Peer 1: 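Here it is, the structure, as structure tokens.
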Amino acid sequence: MAAIILLLCSLASLVSISSAETCSNYSFPSNQVFGSCLDLPVLQASLHWNYSRLTTKVQIAYRATQIPKGWIAWALNPMGRSMIGSQALVAFRHFNGSMIAYSTSITSYNPSMLPSELGIPVSDISAEYVDRQMIIFGVLGPLGNQTSFIHVWQSGSTVVENIPQVHPLSGQNVESLGLINFLSS
């Protein structure tokens, strides 16, 4: 019995190491380099970032496995602990193959998902689709003295007339919430 427990602990360590290596060893096709990253626990996603203490801006790359017809989103919620109030970056693939990326505020459980201004300044939003992964890039800030935020991430399988449609309302899609501290690495 002790041998089985030791084996399970060893396997758990390998999974943890393997998971940590996923984001830290990733090479972006655009040759961007990020000093910090976090493999997110659900939705086959990771967050990469560079935080500047001088400007209090954070450059991010959020990447997630996704089908070509789906969408992804990553957001900060500076005020709450849920999806509502989140300041989101959204990306999906246009029918012509190009990527569309923009910001949107999540103001309800049935958001419009249309482009809108955020309460947090955002710039340099772009997206790529490479090797079955969608990647959103952007710069958020200045963030002032706040470096820890609730963040949420999401994915859905359908985009209709350039509007991401509702994501599943169970399973991993309702577990995609956490705390991020941009000073951690």
Side-chain angles (χ1 to χ4, degrees), residues 15-66 70-83 85-93 99-106 115-156 164 167 172-173 175-185:
V15 169
S16 177
I17 290 169
S18 173
S19 177
E21 290 174 350
T22 302
C23 73
S24 61
N25 291 337
Y26 183 77
S27 296
F28 286 91
S30 52
N31 296 321
Q32 290 180 290
V33 177
F34 294 88
S36 301
C37 70
L38 177 64
D39 286 309
L40 301 172
V42 294
L43 298 177
Q44 298 177 321
S46 62
L47 180 66
H48 304 254
W49 72 91
N50 293 319
Y51 178 76
S52 168
R53 289 176 192 248
L54 180 65
T55 64
T56 71
K57 291 182 180 183
V58 62
Q59 174 192 24
I60 66 100
Y62 168 74
R63 72 186 171 90
T65 301
Q66 184 53 282
W71 60 270
I72 63 169
W74 176 82
L76 291 180
N77 191 334
M79 306 300 255
R81 300 189 56 82
S82 69
M83 181 178 92
S86 294
Q87 309 290 293
L89 304 181
V90 178
F92 57 89
R93 198 167 170 192
M99 289 297 294
I100 295 175
Y102 58 83
S103 62
T104 190
S105 291
I106 307 300
S116 65
E117 295 292 319
L118 301 183
I120 297 172
V122 63
S123 61
D124 300 330
I125 303 172
S126 64
E128 297 178 351
Y129 187 73
V130 180
D131 296 329
R132 297 184 323 265
Q133 290 192 340
M134 286 188 184
I135 308 169
I136 302 172
F137 299 97
V139 175
L140 289 90
L143 302 174
N145 293 329
Q146 190 171 356
T147 59
S148 291
F149 294 86
I150 295 297
H151 71 130
V152 295
W153 57 99
Q154 207 44 263
S155 66
H167 61 74
Q172 291 189 1
N173 291 84
E175 299 170 6
S176 53
L177 170 109
L179 181 66
I180 185 75
N181 183 340
F182 291 124
L183 293 179
S184 64
S185 45

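What you see is a predicted model, and the numbers here were worked out from it, not measured in a lab.
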Peer 1: Determine yes or no for a side-chain-to-main-chain donor-acceptor pair under 3.5 angstrom, with S103 supplying the side chain and S116 the backbone.
Peer 2: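 Confirmed, S103 side chain pairs with S116 backbone.
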Peer 1: Using the side chain to side chain contact (heavy atoms under 4.5 Å, CB included) criterion, which residues pair with V139? Sequence neighbours excluded.
Peer 2: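 Counting only residues at least two positions away or on another chain, V139 forms a side chain to side chain contact (heavy atoms under 4.5 Å, CB included) with K57, Q59, S123, D124.
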Peer 1: Heavy atoms only: give me the nearest I136-A91 pair and the separation to one decimal.
Peer 2: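 Heavy atoms of I136 and A91 come nearest at CG1-CB, 3.4 Å.
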Peer 1: Please enumerate all residues that pass side chain to side chain donor-acceptor pair (under 3.5 Å) together with S46, with sequence neighbours excluded.
Peer 2: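 Partners of S46 by the side chain to side chain donor-acceptor pair (under 3.5 Å) criterion, ordered by chain and then number, come out as H48, R63.
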Peer 1: For Q87, which residues count as a side chain to side chain contact (heavy atoms under 4.5 Å, CB included) partner, sequence neighbours excluded?
Peer 2: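 For Q87, the residues satisfying side chain to side chain contact (heavy atoms under 4.5 Å, CB included) (neighbours in sequence not counted) are P78, S105, L118, I120.
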Peer 1: Return the CH2 to CG distance between W153 and L43, rounded to the nearest 0.5 Å.
Peer 2: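 Rounded to the nearest 0.5 Å, the CH2-CG separation comes out at 7.5 Å.
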Peer 1: So, the side chain of N145 versus the backbone of T56: is there a donor-acceptor pair under 3.5 Å, distance only?
Peer 2: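 Such a contact is absent between N145 side chain and T56 backbone.
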Peer 1: Which pair of non-hydrogen atoms, one from I100 and one from A127, has the smallest distance, and what is that distance?
Peer 2: O-CB, 4.5 Å
Peer 1: Once you round to the nearest 0.5 Å, how far does CD of Q133 lie from CD1 of I72?
Peer 2: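 Here the interatomic distance stands at 9.0 Å.
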Peer 1: Identify, with sequence neighbours excluded, every residue that meets ring pair (Phe, Tyr, Trp, His ring centres under 6.0 Å) alongside Y129.
Peer 2: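 Scan of Y129 (ring pair (Phe, Tyr, Trp, His ring centres under 6.0 Å), adjacent residues dropped) gives none.
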Peer 1: Hey, could you give me the CZ/CG distance between F149 and L143, rounded to the nearest 0.5 Å?
Peer 2: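 The CG atom of L143 is 4.5 Å from CZ of F149, to the nearest 0.5 Å.
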Peer 1: Using the side chain to side chain contact (heavy atoms under 4.5 Å, CB included) rule, take L76 and I180 through it: C-alpha gap first, then chi angles, then the decisive distance, then the call.
Peer 2: CA-CA 9 Å; L76 291 180; I180 185 75; 4.1 Å; yes
Peer 1: For the pair C37 and Y26, evaluate side chain to side chain contact (heavy atoms under 4.5 Å, CB included) and give the outcome as yes or no after the intermediate values.
Peer 2: CA-CA 10 Å; C37 70; Y26 183 77; over 6 Å; no
Peer 1: Can you tell me how far the CG atom of L38 sits from the CG atom of L40, to the nearest 0.5 Å?
Peer 2: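 Going from the CG atom of L38 to the CG atom of L40 covers 5.0 Å.
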Peer 1: With sequence neighbours excluded, what pairs up with Q146 under the side chain to side chain donor-acceptor pair (under 3.5 Å) test?
Peer 2: none
Peer 1: Listed by chain and number, what are the ring pair (Phe, Tyr, Trp, His ring centres under 6.0 Å) partners of Y102, not counting sequence neighbours?
Peer 2: none
Peer 1: Under the side chain to side chain donor-acceptor pair (under 3.5 Å) rule, collect the residues that match up with T55, sequence neighbours excluded.
Peer 2: S52
Peer 1: Which distance, rounded to the nearest 0.5 Å, do you find between the CZ of R132 and the CD of Q44?
Peer 2: 9.5 Å
Peer 1: For the residue pair L89 and I60, establish whether any side-chain heavy-atom pair is separated by less than 4.5 Å.
Peer 2: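 Of all side-chain heavy-atom pairs linking I60 with L89, at least one is under 4.5 Å.
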Peer 1: I'd like to check the side chain to side chain contact (heavy atoms under 4.5 Å, CB included) partners of L179; sequence neighbours left out, ordered by chain and number.
Peer 2: S148, I150
Peer 1: Rounded to the nearest 0.5 Å, what separates atom CH2 in W71 from atom CE in M134?
Peer 2: 10.5 Å
Peer 1: Among W49, W74, Y62, F28, which one satisfies ring-ring contact (aromatic ring centres under 6.0 Å, His included) with F137?
Peer 2: F28
Peer 1: Within the 4.5 Å heavy-atom criterion, are S36 and S184 side-chain neighbours or not?
Peer 2: no
Peer 1: Between Q66 and R93, does a side chain to side chain contact (heavy atoms under 4.5 Å, CB included) hold up when you go through it step by step?
Peer 2: CA-CA 10 Å; Q66 184 53 282; R93 198 167 170 192; over 6 Å; no
Peer 1: Using the side chain to side chain contact (heavy atoms under 4.5 Å, CB included) criterion, which residues pair with T147? Sequence neighbours excluded.
Peer 2: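 In terms of side chain to side chain contact (heavy atoms under 4.5 Å, CB included), with neighbours along the sequence ignored, T147 is linked to Y51, N181, L183.
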